[in-house]
Peer 1: 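Below is a structure I'd like to ask you about.
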Amino acid sequence: MNVRHVAAAITAMRDAGIDAMLLKGWSVATYYADPSLRPLGDIDLLVRPSDGDRARRRAEALSLRRPPIDLHTSLLDLTDRTVAELFERSRMIPLGDIAVRV
């Protein structure tokens, strides 16, 4: 998997009107001195619970042609904050020609 796949997944969600936040993988690899030390397997995306069903359908269609998308509508490790709070505290960072929410 590479950044092209991540950008394609984010763009596909946006095209469906879904705001997705990139979790783990590429978003944290940017903090490594050598990003290749953070292996990338699937694409972890967080979406608002209200977008969950549409995002799942979109992710299933995308995963047929690309690396799998691991879709989240909550984060079990962060039970002290809501998904809305996570989106409020997120930021946009550049990824090629697009900005990605992390």
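Nothing here was measured: the structure is a model prediction, and the numbers come from that model.
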Peer 1: When rounded to the nearest 0.5 angstrom, what distance separates CZ in Arg57 from CG in Leu71?
Peer 2: 11.5 Å
Peer 1: What are the two closest non-hydrogen atoms of Gly52 and Thr73, and how far apart are they?
Peer 2: CA-CG2, 3.8 Å
Peer 1: Would you mind reporting whether Ile18 and Arg54 have side-chain heavy atoms less than 4.5 Å apart?
Peer 2: yes
Peer 1: Going by the rule side chain to side chain donor-acceptor pair (under 3.5 Å), which residues pair with Asp53 if we only count those two or more places apart in sequence or in a different chain?
Peer 2: none
Peer 1: What residues form a side chain to side chain donor-acceptor pair (under 3.5 Å) with Arg101, not counting sequence neighbours?
Peer 2: Asp19, Ser90
Peer 1: Do Ile93 and Leu95 sit in the same hydrophobic cluster, where Ile, Leu, Val, Met, Phe, Trp and Tyr count as joined when their side-chain heavy atoms come under 4.5 Å apart?
Peer 2: yes
Peer 1: Could you check if a side-chain atom of Asp44 sits within less than 4.5 angstrom of a side-chain atom of Leu22, using non-hydrogen atoms only?
Peer 2: no
Peer 1: If you look only at pairs with a residue in residues 79-88, which of them pass as a salt bridge (Lys or Arg N to Asp or Glu O under 4.0 Å), with sequence neighbours excluded?
Peer 2: none
Peer 1: Taking side chain as C-beta onward, heavy atoms only, is Leu45 less than 4.5 Å from Leu23?
Peer 2: no
Peer 1: Mind checking whether Leu46 and Phe87 have side chains closer than 4.5 Å, heavy atoms only?
Peer 2: yes
Peer 1: Name each donor-acceptor pair under 3.5 Å that joins a side chain in residues 10-17 to protein atoms two or more places apart or in another chain, with its distance.
Peer 2:
from  : atom 1 : to    : atom 2 : distance (Å)
Thr11 : OG1    : Ala7  : O      : 2.8
Arg14 : NH1    : Ala99 : O      : 2.9
Arg14 : NH2    : Ala99 : O      : 2.4

Peer 1: Might you point out which heavy atoms bring Val83 and Ser74 nearest each other, and give the distance in Å?
Peer 2: CG2-CA, 3.9 Å
Peer 1: Would you kindly confirm whether Val102 and Ile98 end up in one hydrophobic cluster when ILVMFWY residues are joined by side chain heavy atoms under 4.5 Å apart?
Peer 2: yes
Peer 1: Over all heavy atoms of both residues, which pair between Ala20 and Val47 is shortest? Give the atoms and the distance, please.
Peer 2: CB-CG1, 4.0 Å
Peer 1: Hey, does Asp70 have a side-chain heavy atom less than 4.5 Å from the side chain of Ile43?
Peer 2: no
Peer 1: Measuring from atom CZ of Arg56 to atom CD1 of Ile69, what distance do you get when rounded to the nearest 0.5 angstrom?
Peer 2: 12.5 Å
